[in-house]
Amino acid sequence: MRLRVVLVKSNYGAREAHVHHSGLLQYEDWAGGWINPMGFRTRTTGKMVAIVVSLASTLIAVTSPSYSSSFLTKLRTSPSLRLSLAVTPLCSRRGKLMAHTLARATLGLTFPSGLDAPKISFAAKDIDVTEWKGDLLAVGVTEKDLAKDENSKFQNSILKNLDSRLGGLLAEASSEEDFTGKSGQSTVVRLPGLGSKRIGLFGLGQSASSTAAFRGLGEAAATAAKATQASDLAIVLASSEGLSAKSNTASAIASGTVLGIYEDSRYKSESKKSALKSVDILGLGTGPEVEKKLKYAEDVTSGIIFGKELVNSPANVLTPGKLAEEASKIASTYSDVLSAKILNEEQCKDLKMGSYLAVAAASANPPHFIHLIYKPPGGPAKVKLGLVGKGLTFDSGGYNIKTGPGCSIELMKFDMGGSAAVLGAAKAIGQIKPPGVEVHFIVAACENMISGTGVRPGDIVTASNGKTIEVNNTDAEGRLTLADALVYACNQGVEKIVDLATLTGACVVALGPSIAGVFTPSDDLAKEVFAASELSGEKFWRLPLEESYWESMKSGIADMVNTGGRPGGSISAALFLKQFVDEKVEWMHIDMAGPVWSDKKRTATGFGVSTLVEWVLKNSA
């Protein structure tokens, strides 16, 4: 066995030491990145020899990740050496894997604490709101609901009944707090006279009919419940007449409540648990249909929370391997309908995924190609769908490194937001188990880093469909990974594909932080997904696939380059992806670079999960 140890010491320059199991030490100088042609030397200071031999002996003894951690602690405290160090046995694949383990096990020593999703009992009830007993009664009101008569009394029947029981104090309090029912407004007061300890008014704007509005009501009510340490919460609309599907409204409110009460505290040394245990939704019907919708809300929000946790996790914790592990856990949890296939680097080489592997080449953390398959219970599928998510667990930009104000390199853990949406949807689908549809969840997971093994600007890579790509910008890496993922998806025999990616800053410039850009040549597929988004409450906007822009993507020496000019950058990126989709397959690209993250809340949003689930259900029998 022979080990290679790269050492940096200010008064010696860079060294490469080869240490054999016998303890013999040889090293060579590096000059300007090239190995000195003089070859091996055996003269060095005795102190350095002792240090390197000692370290080498320790390395040879390493047999487990836990030992690796203590070894590197010892290594870093050496007074004579400053390390920029990777340790690998020469000509040994096993040693290369050991280096990967060392890198992962010691970086920051951060391990997320276990965190359970909120356990809340939901019930739909049809009772007089003045008779409800609990900690907090939340009333969703529009601006019209707050209209008063000449005696300053509410005209809305529910508000009128509540105010009557409170001796006019509710109307008085709303006036004193200048509460007008505008969207986002709220006021919570503690007044005697009701079965509830507190009553809250939550503004819905001029009118309320959208999923987003009702989900927002649930979130606002949950936030108030958390602030008042309420264990029992009831939510009611002041006006529910005219709602076309009250069960969907109840589902949206329930979903918002869970998301509002949830806080990702896995990486905090201290966290507070919510006291909320039960939520009653009043006046929106009762019975099996509503109960089914409330269960559906629970399943979907579990997928959204899972997606949020993936995006929130830092890159030193969520490596490509860890992402693959989390995907495999989903498949094992719902093994009656889901199966997992994880391809390693060699298997990806066999499939000729040169575009994807080029991006992964610079990282010490190896790539993992994730493929989950959902097959419906109780019969064959009538349609096969593909969901493809960009899975860059960290994006440095590569040699075109992200620099300067606004580059957001510190947030590039969220460059796997597309994969989080896909895997979150997989978790929800595994619970819902829709009939008649087969779904393939595909993620080409890797990191875009910088090293001597990485792809360089000007390199030409070959995708698995044989097309060649001149890499004129290593920071346009997501589309390179998606190219091979899309080819793979088409080879699974799917009829429709939706891919999601935090692909371009240009889309954020065009649509802002809340709206995802949609690109598809299929009007039918666009109608399906936009109908799903109406139910999910997520915002999308269709942008053109302007074919004339492809001129900017042509290369003089390869089939294409991976970036065009700055104008229309999101469009040229979508046109690039189109080159890797079979013409017989209906395909949509969703650029979610804006809505993946909330700058205001400084956390992931879970964007995309609920729309994907709704789309799958629309294709279900």
Side-chain angles (χ1 to χ4, degrees), residues 112 114-117 295-296 298-311 313 317-348 351 353 356 365-381 383-391 393 416-446 481 484-486 488-489 491-494 497-500 606 608-610 612-613 615-617 619-620:
L115 188 65
D116 294 327
K295 175 61 170 64
Y296 172 79
E298 180 183 344
D299 294 338
V300 174
T301 50
S302 73
I304 294 172
I305 287 173
F306 179 66
K308 285 163 68 80
E309 289 183 351
L310 289 178
V311 176
S313 292
V317 173
L318 190 74
T319 62
K322 183 62 176 176
L323 186 61
E325 182 183 323
E326 293 295 329
S328 296
K329 286 180 183 177
I330 297 172
S332 61
T333 302
Y334 308 106
S335 57
D336 57 329
V337 290
L338 281 170
S339 60
K341 186 177 183 181
I342 310 297
L343 305 182
N344 61 27
E345 187 174 353
E346 290 302 316
Q347 291 170 310
C348 291
L351 293 174
M353 295 184 179
Y356 162 50
N365 290 310
H368 289 70
F369 192 94
I370 301 164
H371 181 195
L372 302 186
I373 305 169
Y374 169 82
K375 292 194 174 181
V383 62
K384 290 185 179 182
L385 307 178
L387 297 178
V388 179
K390 177 182 171 183
T393 58
M416 41 64 65
S419 68
V422 166
L423 296 178
K427 182 173 183 178
I429 292 296
Q431 297 172 78
I432 298 168
K433 299 177 177 40
V437 59
E438 180 176 308
V439 190
H440 295 259
F441 306 88
I442 296 167
V443 175
C446 65
T481 66
D484 283 324
L486 288 168
Y488 181 91
N491 290 338
Q492 307 310 305
V494 299
I497 293 176
V498 173
D499 80 69
L500 300 93
V609 174
S610 55
L612 292 182
V613 174
W615 179 62
V616 170
L617 294 183
N619 282 273
S620 174

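The figures here come from the full heavy-atom set of this structure, side chains too, leaving out hydrogens, waters and symmetry mates.
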### Message
For P320 versus T393, what's the shortest heavy-atom pair and its separation?
### Response
CD-OG1, 3.4 Å

### Task
Under the salt bridge (Lys or Arg N to Asp or Glu O under 4.0 Å) rule, collect the residues that match up with E326, sequence neighbours excluded.
K322, K329

### Query
Which pairs count as ring pair (Phe, Tyr, Trp, His ring centres under 6.0 Å) when at least one residue sits in residues 323-348, sequence neighbours excluded?
none

### Task
Determine, step by step, whether L351 and F369 satisfy the side-chain contact (heavy atoms from CB on, under 4.5 Å) criterion, reporting the C-alpha distance in whole Å, the side-chain angles of both residues, the deciding distance to 0.1 Å, and the verdict.
CA-CA 11 Å; L351 293 174; F369 192 94; over 6 Å; no

### Message
For G307 versus A420, what's the shortest heavy-atom pair and its separation?
### Response
O-CB, 3.6 Å

### Query
What distance do L372 atom CG and S339 atom OG have between them, rounded to the nearest 0.5 Å?
7.5 Å

## Note on the structure
Residue set satisfying salt bridge (Lys or Arg N to Asp or Glu O under 4.0 Å) with K295, at least two apart, ordered chain then number -> D299

### CD1 on I370 to OG on S419, rounded to 0.5 Å
7.0 Å

### Query
If you look at every heavy atom in L318 and S313, which pair is closest and at what distance?
CB-CB, 3.9 Å

### Query
For V311 and G417, which heavy atoms make the closest approach, and how far apart are they?
CG2-CA, 3.9 Å

#### Entry: Main-chain N/O of A331 paired to S335 side chain as donor or acceptor, under 3.5 Å
no

### Query
Donor-acceptor pair, Q347 side chain versus N344 backbone, under 3.5 Å?
yes

### Side-chain heavy-atom pair L338, I330 within 4.5 angstrom cut-off
yes

### Message
Under the rule for side-chain hydrogen bond (donor to acceptor under 3.5 Å, both in side chains), what residues qualify as partners of D499, not counting sequence neighbours?
### Response
W587, H589

### Message
How close do I497 and A489 get, counting heavy atoms only, and between which atoms?
### Response
CD1-CB, 3.7 Å

### Message
Give me the atom names and distance for the closest heavy-atom approach of P367 to Y356.
### Response
CB-OH, 3.1 Å

### Query
Tell me, do V494 and L385 make a side-chain contact under 4.5 Å, heavy atoms counted?
no

### Task
Dump the intermediate steps for side-chain contact (heavy atoms from CB on, under 4.5 Å) on V388 and Y488, then the final yes or no.
CA-CA 10 Å; V388 179; Y488 181 91; over 6 Å; no

### Value rounded to 0.5 Å, distance of SG in C446 from CE in M416
12.0 Å

### Task
Starting at CH2 of W615, measure out to OG of S620 and round the result to the nearest 0.5 Å.
12.5 Å

#### Entry: Atom pair CG/CG of L387 and L423 - distance to nearest 0.5 Å
10.0 Å

### Task
To the nearest 0.5 Å, tell me how far S610 OG sits from I304 CD1.
4.5 Å

Residues 430-444 side chain polar contacts: donor-acceptor under 3.5 Å, at least two apart:
{"residue": "Q431", "atom": "NE2", "partner": "S302", "partner atom": "OG", "Å": "2.7"}
{"residue": "Q431", "atom": "NE2", "partner": "K427", "partner atom": "O", "Å": "3.2"}
{"residue": "K433", "atom": "NZ", "partner": "G430", "partner atom": "O", "Å": "2.5"}
{"residue": "E438", "atom": "OE2", "partner": "H440", "partner atom": "NE2", "Å": "2.7"}
{"residue": "H440", "atom": "ND1", "partner": "H371", "partner atom": "NE2", "Å": "2.9"}

### Message
According to salt bridge (charged side-chain N to carboxylate O under 4.0 Å, His left out), does anything in residues 368-377 pair up with another residue at least two apart or in another chain? List the pairs.
### Response
none

